[in-house]
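Let me begin by presenting the structure, written as structure tokens, before commenting on it.
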Amino acid sequence: MKVIGVIPARFGSTRFPGKPLKLILGKPLLQWVIEGAKKAKAIDEVWVATDHEEIAALGKSLGARSVMTSPEIVSGSDRVFAAIQNENVDVVLNIQGDEPLITGDLLDQLISPMLEDETLPMATLGRK
């Protein structure tokens, strides 16, 4: 099974333009997310779906595949779909680009049910 994690990272947010590139403790927000995602054992590839060359370059520099998508796409889910629509993958994770505390362990927990039951269409993390 091929599992990819796609991080939608839009530059042109109306509430916080350039958010993926903003520094948190000396690193861009997007870097924290990529580094956490790359620690997941069940993810074969981490991608960044973006509308901005500087974000794409950051993703590539951190070992993620960067896929350019239209700046007209306004939702992260639509950006993920645009990135993977012509790809042959079994499981796609939509990893939010503004989750600097995401860990590989959490992502592995999310992926696990889908690997065990191929008919499961989607999953989300939650806690009491």
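Not measured: the values here are computed from a predicted model.
Expressed to the nearest 0.5 Å, how far CD of Glu35 lies from CD1 of Ile102 amounts to 13.5 Å. Atom CD1 of Ile111 and atom CG of Leu93 lie 4.5 Å apart (nearest 0.5 Å). Between Met114 atom CE and Met1 atom CE the span is 9.5 Å, to the nearest 0.5 Å. To the nearest 0.5 angstrom, Gln31 atom CD is 11.5 Å from Leu25 atom CG. Atoms OG1 and CD1, from Thr69 and Ile84 in turn, are 12.5 Å apart once rounded to the nearest 0.5 Å.
Environment of CD in Gln85: crowded, with over 12 heavy atoms of neighbouring residues, nucleotides or ligands closer than 6.0 Å. Within a 6.0 Å radius of CD in Gln96, more than 12 heavy atoms belonging to other residues, nucleotides or ligands are found.
Leu29 is not listed as a side-chain neighbour of Pro20, based on a closest heavy-atom distance of 4.5 Å or more. Val48 places none of its side-chain heavy atoms less than 4.5 Å from the side chain of Leu62.
Applying the ring-ring contact (aromatic ring centres under 6.0 Å, His included) test to residues at least two apart or on different chains, none of the pairs has a partner in residues 101-128. The salt bridge (charged side-chain N to carboxylate O under 4.0 Å, His left out) pairs that include a residue from residues 62-89 are Arg65-Glu87, where partners are two or more places apart or lie in different chains. For residues 11-70, the pairs satisfying ring-ring contact (aromatic ring centres under 6.0 Å, His included) are Phe11-His52, with sequence neighbours left out.
Nearest heavy atom pair, residue Val6 against residue Ala83, reads CG1-CB, 4.4 Å. Smallest separation of non-hydrogen atoms from Lys19 and Asp98: NZ-OD2, 3.0 Å. Across all non-hydrogen atoms, the minimal contact from Thr50 to Ala9 is OG1-O, 2.7 Å. Of all heavy-atom pairs spanning Ile7 and Gly97, the tightest one is CG2-CA, 3.5 Å. The minimum heavy-atom distance between Pro113 and Leu120, with the atom names listed, is CB-CD2, 3.6 Å. Pairing each heavy atom of Asp108 with each of Ala42, the nearest pair is OD1-N, 2.8 Å.
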- request: Show the numbers, then the answer: is there a side chain to side chain contact (heavy atoms under 4.5 Å, CB included) between Asp51 and Met68?
  value: CA-CA 6 Å; Asp51 60 350; Met68 295 302 293; 5.5 Å; no

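For Ser61, the side chain to side chain contact (heavy atoms under 4.5 Å, CB included) test picks out Leu58, with sequence neighbours left out. The side chain to side chain contact (heavy atoms under 4.5 Å, CB included) search around Ser112 returns Glu116, not counting sequence neighbours. Lys2 meets the side chain to side chain contact (heavy atoms under 4.5 Å, CB included) test with Ile4, Asp44, Glu45, Val89, Asp90; sequence neighbours excluded.
Follow the hydrophobic side-chain contacts under 4.5 Å out from Leu110 and you never reach Val92; the two are in separate clusters. Ile43 and Val80 are assigned to two separate hydrophobic clusters, defined by single-linkage of ILVMFWY side chains at heavy-atom distances under 4.5 Å. Residues Leu106 and Ile95 are members of one and the same hydrophobic cluster, defined by side-chain heavy-atom contacts under 4.5 angstrom among Ile, Leu, Val, Met, Phe, Trp and Tyr.
Side chain of Lys60 to main chain of Ile55: no donor-acceptor pair is present (N/O by atom type, distance under 3.5 Å, no hydrogens or angles).
Asp105 and Thr103 form no side-chain donor-acceptor contact under 3.5 Å, judged by distance and modelled atom types alone.
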